[in-house]
Amino acid sequence: MKTNQVCLSEIERLLKLYLKEIEESNLKPLSAQMYQVQSVNFVRWINGDFTPGGNAKKVHKHSAV
């Protein structure tokens, strides 16, 4: 998926606020990391830079060789 730059800029601004809130929360480190990685990957998906399961599919294809 790819979105326009105006929308993406606002989403990235909000992502920064969200990531800061996660850092300031009382979440355990692994939980905080999960929230961070998943939200960053979502924004990457919106920008066309990420495919869910993309790495797993590549590894699976290579392991069959």
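Starting from 1, each residue takes its place in the sequence as its number.
Partners of L8 according to the side chain to side chain contact (heavy atoms under 4.5 Å, CB included) rule, which considers only residues two or more places apart in sequence or in another chain, are T3, Q5, E12, V43, I46, N47. Listed by chain and number, the residues in a side-chain hydrogen bond (donor to acceptor under 3.5 Å, both in side chains) with S39 amount to none (sequence neighbours excluded). F42 is linked by a ring-ring contact (aromatic ring centres under 6.0 Å, His included) to W45, counting only residues two or more places apart in sequence or in another chain.
Hydrophobic cluster membership of L17, counting Ile, Leu, Val, Met, Phe, Trp and Tyr whose side-chain heavy atoms lie under 4.5 Å apart directly or via other members: L14.
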Distance-only check: which donor-acceptor pairs under 3.5 Å involve side-chain atoms of residues 18-34, not counting sequence neighbours?
{"from": "S25", "atom 1": "OG", "to": "I22", "atom 2": "O", "distance (Å)": "2.7"}
{"from": "S25", "atom 1": "OG", "to": "L27", "atom 2": "N", "distance (Å)": "3.2"}

